[in-house]
Amino acid sequence: MDEQEPHDAQVDTNKIIEERRAKLQALRAQGNPFPNDFRRDRLAADLQREYGERDNPALEADPVRVAVAGRMVLKRVMGKASFATLQDMSGRIQLYVSNDGTGEDTHAAFKHWDLGDILGAEGTLFKTRTGELTVKVSRLRLLSKALRPLPEKFHGLADQEQRYRQRYVDLIVTPETRRTFQARSRVIQSLREFFVARAYLEVETPMMQPLPGGAAARPFVTHHNALDMQLYLRIAPELYLKRLVVGGFEKVFEINRNFRNEGISTRHNPEFTMLEFYEAYQDHNYLMDLTEQMLRKAAIDATGAAEVVYQGERIDFAGPYDRLTMPEAIAKYNPQYKLHELSKPEYLKLALAPFEVEVFPTDGVGVLQLKLFEQTTEAKLVQPTFIVAFPTDVSPLARRSDADPGVTDRFELFICGREIANGFSELNDPEDQAERFRAQADAKAAGDEEAMFYDADYIRALEYGLPPTAGEGIGIDRLVMLLTDSPSIRDVILFPHMRPE
RNA sequence: GGGCGGUUAGCUCAGCCGGUAGAGCAGCGGACUUUUAAUCCGUUGGUCCGGGGUUCGAAUCCCCGACCGCCUACCA
């Protein structure tokens with residue numbers, strides 16, 4: 001369907017907007033109402049930090065001249081003098097505008113400016129009677145007229161839908177939203193520092209792939225016109241990153257988007273950010289140690305402490321974290337099950353009977369354990385917990401355990417009942433990998449839309465020799481949710497996917 | 001996909017057992033030179049999400065639909 005209707009065809013409007021348009025028209029008559037020749041020299045938070053403690057006599061004895069700019073978010077007019085609160089990227093600073101300071105004409109014009117307008121102000125600092133640091137304005141300019149009114153100044157924006165759809169408004173009026181995304185930036189910065197400090201190379205691998213690989217998920221499909229070929233948005237970077245390890249980049253990481261054509265929920269967005277990293281000559285046990293250090297640092301860098309509170313639960317990222325096999329975890333959190341019985345298929349099938357899970361005759365012990373784990377235990381793993389030794393059947397890219405070929409040297413990290421990380425010793429045997437791809441391809445042919453494709457070039461890469469390698473992926477959005485106490489993944493994604501308005 | 005809840009002024013929200021639309025903020029006009037969600041006086045502003053039905057009469061009750069939120073399922 002072609003729906004290229006012009007954007008201004010359906011402009012919603014109201015009396016307030018009309019009045020502001022009229023004000024803008026009047027401004028146009030006096031010159032360009034969107035000047036770009038004002039330069040600020042200070043940010044609000046810097047002023048608060050540097051001069052917030054200074055008393056008024058000190059400020060007046062040694063006048064501090066400043067030029068500030070920002071959005072007017074509060075305004076109090078009192079006749080011959082007014083106060084306004086300006087908000088910039090760093091915080092807020094109060095302005096004192098008066099006939100004495102700016103002259104009557106400017107002050108009179110200011111009275112007609114609106115909340116939401118962008119202003120530039122020059123003046124000197126002083127403290128009001130109540131001790132608030134304030135700029136006594138000598139020059140004041142309107143830099144950008146806002147035509148649309150801001151949400152109610154006290155309650156802000158409560159409508160979740162509008163907060164997601166119009167994030168720009170949410171960011172203006174909701175301090176928690178600003179803090180969340182600032183914390184998100186610190187988390188990613190922290191992770192990047194962590195790897196760079198360990199001599200990892202940051203790389204970028206294809207987002208558009210001829211074969212989507214590295215995970216079990218339904219992909220988005222697109223089309224390249226010039227090549228006349230189908231391409232998939234990637235569901236994971238894994239197979240490309242391991243190709244780089246073959247190439248001799250023995251420590252690599254990538255922080256970038258994955259795309260999965262699946263449901264949307266408070267924990268799923270169609271595009272989400274993934275950290276993946278690979279290190280040659282290491283194994284899954286090393287990864288678990290590394291993960292503990294990494295998450296401890298990320299928590300401290302994001303929040304100032306290794307212990308955070310998520311939705312009322314205290315989460316301790318300091319480590320070390322529990323490391324349990326699935327049967328161990330099931331028995332630990334569900335004493336009704338006996339550990340020594342949990343490796344018996346008949347016992348597991350009996351245990352699974354009360355749950356609404358499909359059990360297939362082909363399910364091995366490992367898969368049965370996984371199903372029981374998901375039903376009984378996953379949600380109870382509040383503190384960071386590594387679950388180790390995943391069944392080979394559900395781990396087509398992981399190295400088989402030397403002790404038990406039915407399981408792999410793979411772990412997942414659970415926090416607050418959610419999977420946060422997934423790591424393993426990589427399968428570097430090209431013949432074993434080819435066999436597992438064939439099994440996946442068979443499953444796909446049988447109708448499993450999430451089964452993997454057979455990736456012949458990846459097999460060819462393995463045939464050149466992949467060193468023994470450990471690799472891991474961490475869902476950044478879910479980690480940021482935990483570190484910012486956000487109940488929905490949409491709260492940590494600036495522009496989450498929504499149905500069109 | 002299933003269940004529950006929501007949608008009323010630009011924003012935050014009331015609106016009872018069905019009787020024909022309200023408040024605060026914002027806006028507009030006025031007073032006010034140290035306010036702090038400034039205050040005080042006056043005042044403008046509505047496709048009650050959309051469509052159908054019941055009724056003398058629907059924001060209100062019923063049905064269908066849209067969108068959003070939460071839970072649940074699926075999704076490693």
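Below, read A as the first sequence line, B as the second, and so on, with proteins coming before strands; counting in each chain starts at 1.
- When each of B:rU12, B:rG69, B:rA76 is scored by its nearest atom to the side-chain atoms of A:His155, the top-ranked nucleotide is B:rU12.
- For B:rU35, its base never sits under 3.5 Å from the side chain of A:Tyr96 at any donor and acceptor pair.
- For A:Ser90 (side chain) and A:Ala45 (main-chain N/O), a donor-acceptor pair under 3.5 Å exists by modelled atom type.
- Backbone-only engagement by A:Arg499 is indicated by non-hydrogen atom pairs under 4.0 Å involving sugar-phosphate atoms exclusively.
- Within a 6.0 Å sphere centred on CD of A:Glu374, heavy atoms belonging to other residues, nucleotides or ligands number more than 12.
- Across all strands shown, B:rA76 forms no Watson-Crick or G-U wobble pair with both distances under 3.5 Å.
- Across all strands shown, the partner of B:rC11 is B:rG24, judged by Watson-Crick or G-U wobble contacts whose two distances both fall under 3.5 Å.
- Looking at heavy-atom distances under 4.0 Å, A:Arg410 makes contact with a base.
- When heavy atoms are screened at a 4.0 angstrom cut-off, A:Val77 is found touching base atoms of the nucleic acid.
- Nucleotide B:rC17 is shown with a syn base, its glycosidic torsion being within 90° of 0.
- Looking at heavy-atom distances under 4.0 Å, A:Phe390 makes no contact with the nucleic acid at all.
- Set against B:rC70, B:rG69, B:rC68, the side chain of A:Glu161 has B:rC68 as its closest nucleotide.
- In this structure, A:Lys75 does not reach the B:rC25 phosphate: none of its side-chain N or O atoms is under 4.0 Å from OP1 or OP2.
- Using a 4.0 Å heavy-atom distance criterion, A:Pro396 is classed as a base contact.
- A straight line from CD of A:Glu374 to C1' of B:rA73 spans 13 Å, rounded to a whole angstrom.
- When the side-chain nitrogen and oxygen atoms of A:Lys153 are compared with OP1 and OP2 of B:rA26, one or more of them lie within a distance under 4.0 Å.
- Nucleic acid contact class of A:Leu74 (heavy atoms, under 4.0 Å, all strands): sugar-phosphate only.
- One cannot find a donor-acceptor pair under 3.5 Å joining the base of B:rU33 and the side-chain atoms of A:Ser98.
- Pairing partner, B:rC32: none, since no Watson-Crick or wobble contact has both distances short of 3.5 Å.
- Checking A:Asn334 against A:Thr377 by side-chain atom types alone, a donor-acceptor pair falls below 3.5 Å.
- A donor-acceptor pair is defined here as one N or O able to donate and one able to accept, closer than 3.5 Å; no such pair exists between the side chain of A:Arg167 and the backbone of A:Pro496.
- Among the atoms of the strands shown, none is found under 4.0 Å from any heavy atom of A:Lys371.
- A:Glu419 and A:Arg267 are not joined by a salt bridge, as no carboxylate oxygen comes within less than 4.0 angstrom of a charged side-chain nitrogen.
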